Amino acid sequence: MSLPVLILKSQADRRLKLGHLWIYSNEVDVERSPLKTFEAGAQALVTSHSGKPLGIAVMNPNALICGRLVSRSEKYPLNKSLLVHRINQSLALRERTFDQPYYRLIFGDADLLPGLVVDRFGDYLVVQIASAGMEKVKDEIVEALVQTLKPRGILLSNDHSARALEALSEYVEVAYGEVPEQVELVENHTRFLAPVHGGQKTGWFYDHRINRAQLQAYVKGKRVLDVFSYIGGWGIQAAQSGAREVVCVDASEAALDGVERNAELNGVSERVSTIQGKAIEVMKHLIAQDEHFDVVVLDPPAFIKRRKDQKSGEAAYRHVNELGMRLLGRDGLLVSASCSMHLHRDTLLDIVRGAGRHLDRHVQIIGQGGQGPDHPVHPAIPETDYLKAIFARVYLP
């Protein structure tokens, strides 16, 4: 196929040669290849300033990231054939790592499919598309997934805010077969029903799997508070691992209905309760009631979605971590997590340390975690290394 050519400025190919996949609009030689001549979602042959082919990118001329490399060879454009190949490569990693078909199958840039996320729930797949290029080939994506995995149903869950950056409309639709409102998954020997049609993101967060497994060693016989619980990923697994009491806090009534369903599914309902309300307000109320817990889990949404949110976001992390520590007994465990890619691990560690010093408590870091192997990190793209979890013993010395 004949593709339009995108020519980079002198030296602008250095990041791509080092492994990166993104092309910024200010890196393009717009005199020789004007961005306005490219259609959103179209593919282009990318060349260095001297004309050396660098690969094929999907384009969005109106976005800051105007191109995303999908192939290093001009012979292999983004089509069903390449998609099948990429999916098989991604599947090989997941099948090597997990013995059951519940995982993130495609993790965007890290799986060389920028703008595409696919979560697998056994026979069902939930797809999220965040780029104009992937939206253009969504039918081929569905066909490739059907050919490779033969699922019972595929849901396109494209109602997320990331699509606005590429001027894409939001929608949710079943693209293949049938997909029930809730689908079952198993994580760390615990069963869950995930609301894939109306829940957060794809309906579930597989990224904390290993961290939730790590928590299980600390909860037997303990009283656990799971803040920002969603449908109970941390809390239900804690109860399943022997916690004597688990309290899940979330602002969403629907999420807490999910907690109750998942507690019943695992036979731990008598040890799991819920509190609906904003996390800060609920934690302050519990402090006022002189409530204490052996373990407090803080897994908030991203407080720093953009760099301009850095100052306010860090302040929010400091606030919730201090409240979490106030809810611990004299010797307890704080699990402090962050999914904000703009919050560095060292900064989160410093926030936990600072909260301890402010409350005159000693903090010991006894474990740290990141995302699981179904969320692999692309070593040239720091944004793919986003998840952090700190396990901190907090006690009165």
Side-chain angles (χ1 to χ4, degrees), residues 160-162 199-212 214-215 224-238 246-256 258-259 274-287 293 295-328 332-356 358 363 367-372 375 383 385-392 394:
H160 50 95
S161 59
Q200 296 180 23
K201 303 291 185 175
T202 65
W204 184 249
F205 298 89
Y206 281 121
D207 50 2
H208 268 304
R209 179 200 314 257
I210 292 176
N211 303 319
R212 290 192 280 249
Q214 187 173 348
L215 177 66
V224 178
L225 179 67
D226 179 6
V227 188
F228 309 99
S229 70
Y230 185 42
I231 58 174
W234 294 87
I236 302 300
Q237 292 188 44
V246 174
V247 179
C248 291
V249 176
D250 202 277
S252 165
E253 181 181 0
L256 294 181
V259 170
T274 63
I275 302 175
Q276 184 183 354
K278 294 182 178 179
I280 299 294
E281 295 174 4
V282 172
M283 286 195 286
K284 286 180 176 178
H285 176 73
L286 290 172
I287 291 168
F293 297 83
V295 178
V296 172
V297 178
L298 304 173
D299 184 15
F303 288 154
I304 310 173
K305 293 185 177 179
R306 300 174 183 85
R307 291 194 185 278
K308 67 177 183 177
D309 303 326
Q310 195 78 33
K311 186 175 180 180
S312 61
E314 288 184 14
Y317 282 111
R318 281 193 294 271
H319 192 33
V320 297
N321 275 273
E322 185 170 318
L323 291 174
M325 285 189 186
R326 288 182 183 275
L327 285 164
L328 288 172
L333 177 72
L334 179 75
V335 181
S336 180
S338 169
C339 61
S340 296
M341 66 181 179
H342 297 300
L343 184 74
H344 295 154
R345 183 177 296 272
D346 288 347
T347 305
L348 182 58
L349 281 166
D350 199 51
I351 286 170
V352 172
R353 177 204 58 77
H358 189 245
V363 173
Q368 296 187 55
Q371 60 230 50
H375 291 68
E383 290 85 351
D385 186 11
Y386 69 96
L387 197 72
K388 298 152 284 282
I390 294 171
F391 293 73
V394 182

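The structure presented is a predicted model; accordingly, all values stated were derived computationally and were not measured.
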Grab the two heavy atoms, one from [X] and one from [Y], that are nearest each other, plus how far apart they are.
X: Leu343; Y: Glu314; answer: CD1-CG, 3.9 Å
X: Gly324; Y: Met283; answer: N-SD, 4.2 Å
X: Val249; Y: Leu225; answer: CG2-CD1, 3.8 Å
X: Cys339; Y: Ala302; answer: SG-N, 3.5 Å
X: Leu323; Y: Ile287; answer: CD2-CD1, 3.6 Å
X: Pro300; Y: Ala337; answer: CD-O, 3.4 Å

Measure the shortest side-chain to side-chain distance between [X] and [Y] over non-hydrogen atoms and say whether it is less than 4.5 angstrom.
X: Val259; Y: Ser229; value: yes
X: Gln214; Y: Phe391; value: yes
X: Gln371; Y: Asp385; value: yes
X: His160; Y: Lys201; value: no
X: Leu349; Y: His344; value: no

Value rounded to 0.5 Å, distance of [atom1] in [X] from [atom2] in [Y]:
X: Gln200; Y: Ile231; atom1: CD; atom2: CD1; result: 9.0 Å
X: Arg212; Y: Asp207; atom1: CZ; atom2: CG; result: 7.0 Å
X: Leu215; Y: His208; atom1: CG; atom2: NE2; result: 11.0 Å
X: Gln237; Y: Asn211; atom1: CD; atom2: CG; result: 10.5 Å
X: Tyr386; Y: Ser340; atom1: OH; atom2: OG; result: 11.0 Å
X: Thr347; Y: Lys388; atom1: OG1; atom2: NZ; result: 9.0 Å

Margin query: The criterion is salt bridge (Lys or Arg N to Asp or Glu O under 4.0 Å); which residues satisfy it with Arg345, sequence neighbours excluded?
Written below: none

Check: Is any NZ, NE, NH1 or NH2 atom of the basic residue among Glu322 and Arg318 found under 4.0 Å from an Asp or Glu carboxylate oxygen of the other?
Finding: no

Margin query: Here's a test for you: under side-chain contact (heavy atoms from CB on, under 4.5 Å), which of Val296, Val297, Val352, Val320 qualifies with Ser336?
Written below: Val352

Checklist line | side-chain contact (heavy atoms from CB on, under 4.5 Å) partner of Leu334, chosen from Leu328, Leu327, Val295 | finding: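 Going through Leu328, Leu327, Val295 one by one, the side-chain contact (heavy atoms from CB on, under 4.5 Å) with Leu334 is satisfied by Leu328 alone.
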
Notebook entry, point to check: Which word best sums up how the rings of Phe205 and Tyr230 line up, parallel for under 30°, tilted for 30 to 60°, or perpendicular for over 60°?
Noted result: perpendicular

Item checked: Which residues share a ring pair (Phe, Tyr, Trp, His ring centres under 6.0 Å) with Phe293, sequence neighbours left out ->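 Here no residue qualifies.
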
Check: Can you name the residues that form a ring pair (Phe, Tyr, Trp, His ring centres under 6.0 Å) with Phe303, not counting sequence neighbours?
Finding: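 Phe303: ring pair (Phe, Tyr, Trp, His ring centres under 6.0 Å) contacts with Tyr317.
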
Item checked: Full working for side-chain contact (heavy atoms from CB on, under 4.5 Å) between Trp234 and Val224 -> CA-CA 10 Å; Trp234 294 87; Val224 178; over 6 Å; no

Note to self: Quick check against the 3.5 Å criterion: does Asp226 have a side-chain atom that pairs as donor or acceptor with the backbone of Gly235?
What the structure shows: yes

